[in-house]
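As structure tokens, the structure follows; a few thoughts come after it.
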There are 2 protein chains.
Amino acid sequence: MAELTGVQKQYILHWGEMGTRWGINRTVAQIHALLYLSPRAIPAEEIAETLSVARSNVSTSIRELETWGIVRAVHVLGDRREHYESMKDVWEMFRLVIEQRKRREIDPTREILRQCLTDLDPKELGADYTRERLAAMAGFFEAVTELYDQMKRLPTGTVRKLLRMGTKVRKKAG
Amino acid sequence: MAELTGVQKQYILHWGEMGTRWGINRTVAQIHALLYLSPRAIPAEEIAETLSVARSNVSTSIRELETWGIVRAVHVLGDRREHYESMKDVWEMFRLVIEQRKRREIDPTREILRQCLTDLDPKELGADYTRERLAAMAGFFEAVTELYDQMKRLPTGTVRKLLRMGTKVRKKAG
DNA sequence: CTGTATATTCAGTTTGTACTGAAAGAAACA
DNA sequence: TGTTTCTTTCAGTACAAACTGAATATACAG
């Protein structure tokens, strides 16, 4: 088993912390970081050793990463074990994560807000005010969804290109 | 103390859950939801009663919301207590939160990535590969920062306008 | 079919965050 | 000044999420 270099350790630890701050399990994030930096696929046993976590913990975490679609199992000739590798395209990885967090969190929130606006009894005290606030929040989430849909339609790399253009334009103007 | 209506309860509970999924304390999020829906500023004691949490918990949570800049204390004539109210402009609230999460999480990550690229010893095994991956990740975070900066320069409401335009354009084309 | 290697599940334990209530602190009042 | 009202701090506790290791399941080889 390859020992981690200082830089690898630093990256993996930081990525774990980042994870926790965004509601992603630390070990899950660390495993992802490890696989992302690895030029080869790694079997679960070795992941467990490298990060000093239980084999079973790796199993669960890998499954999570697989459902995100950013890690997959590959097979190595003459080895029965599953070896795991991370997607390497950073933009695509974040796209996948964002897509799914939208589906799991933003969409249900939109639904709840719509439900609240429907359920709101106009007779109850301060219903008008509540409706106003709920509608404003709902509008925001609809706009975010709209923005997301528009982004999604752009072909890969376009965001990056637009970004570069924007920078040039600003430089000319400034 | 005003009891919560069904709709208010639903919104507050959901907002609390949303918070936890994004690394924000449940009570903090619930208090924010309560204040957001409230047409008047509310004293801490009443918040505690309404949400059934300890008075001290409210104190800490309110402070957190104040540092985000989305809740502030106001004073009511003839009442010594602090009454708290939430900002009502949804876009501005999210702008503030995003700005600060960028500062607290994205910026340090960029720093770490730069540090890693500097620290990377070209002599150590697989340094080239590690550098490639770190550089790709760093590039992504630089781009996100760039995108954020460009957004920030747009005057308030422009994003919403662009969004509406985009929708129209697509409708014409489609 | 049996034995071995690997992966997953799950009950129990650990850990870290959130929360409480008591005590201290601060501000207004008399 | 002491008293009252309100707020914050903090040590201890509770709780939920994460983690472990043993047991179980699965897949393969002989």
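What's counted below: heavy atoms across the whole structure, side chains too, no hydrogens, waters or symmetry copies. So you know, we letter chains A, B, ... as the sequences are listed, proteins then strands, and number each from 1.
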| Should the pair Arg72(B)-Glu82(B) be classified as a salt bridge under the 4.0 Å nitrogen-to-oxygen rule? | no
| query | Using a distance-only test with no angle check, is there a side-chain donor-acceptor pair under 3.5 angstrom linking Asp79(A) and His75(A)? | reply | no
| note | Looking only at dC10(C), dT4(C), dC29(C), the nucleotide nearest the Arg80(B) side chain is dC29(C)
| said: What is the distance, to the nearest angstrom, from the CG atom on Asp79(A) to the C1' atom on dC28(D)? | reply: 13 Å
| task | Starting at atom CD of Glu46(B), determine the distance to atom C1' of dT7(D), rounded to an integer number of angstrom. | result | 17 Å
| Ion pair Glu99(A)/Arg103(A), N-O distance below 4.0 Å | yes
| task | Counting heavy atoms from C-beta on, name the nucleotide in dC19(C), dT7(D), dG21(D) closest to the side chain of Tyr84(B). | result | dT7(D)
| task | Starting from C1' on dC6(D), measure out to NE2 on His75(B) and report it in whole angstrom. | result | 12 Å
| Do the side-chain N or O atoms of Asn57(A) get closer than 4.0 angstrom to the phosphate oxygens (OP1, OP2) of dT8(C)? | no
| remark: Considering only heavy side-chain atoms of Arg81(B), the closest of dT7(D), dC19(D), dT9(C) is dT7(D)
| message | If I take atom CG in residue Leu51(A) and atom P in nucleotide dA18(D), what distance separates them, rounded to the nearest angstrom? | response | 16 Å
| said: Using a strict threshold of under 4.0 Å (side-chain N to carboxylate O), is an ion pair present between Glu46(A) and Arg55(A)? | reply: no
| task | Report which part of the nucleic acid Glu82(B) touches: base, sugar-phosphate, or nothing (heavy-atom distance under 4.0 Å, all strands). | result | sugar-phosphate
| said: Less than 4.0 angstrom between a side-chain N/O of Arg55(A) and OP1 or OP2 of dA7(C), yes or no? | reply: yes
| Trp22(A) ring centre to Arg101(B) NZ or CZ under 6.0 Å, with the angle to the axis within 45°? | yes
| request: Please report, rounded to the nearest Å, how far the C1' atom of dT8(D) is from the CD atom of Glu45(B). | output: 14 Å
| said: Between Thr27(A) and dC19(D), is there a contact of a side-chain N or O with OP1 or OP2 at under 4.0 Å? | reply: yes
| remark: Taking dA7(C), dC19(C), dT20(C) as options, the one with an atom nearest any side-chain atom of Ala44(A) is dA7(C)
| task | Could you check how far CG of Asn25(A) sits from P of dT20(D), rounded to whole Å? | result | 11 Å
| note | From CD of Glu49(B) across to P of dG21(C) the rounded distance in Å is 14 Å
| request: Please state how far atom CZ in Arg63(A) lies from atom P in dT26(D), giving the value in whole angstrom units. | output: 13 Å
| request: Could you pick out which residue, Arg26(B) or Ser56(B), lies toward the 5' side of DNA chain D when each is mapped onto its nearest nucleotide? | output: Ser56(B)
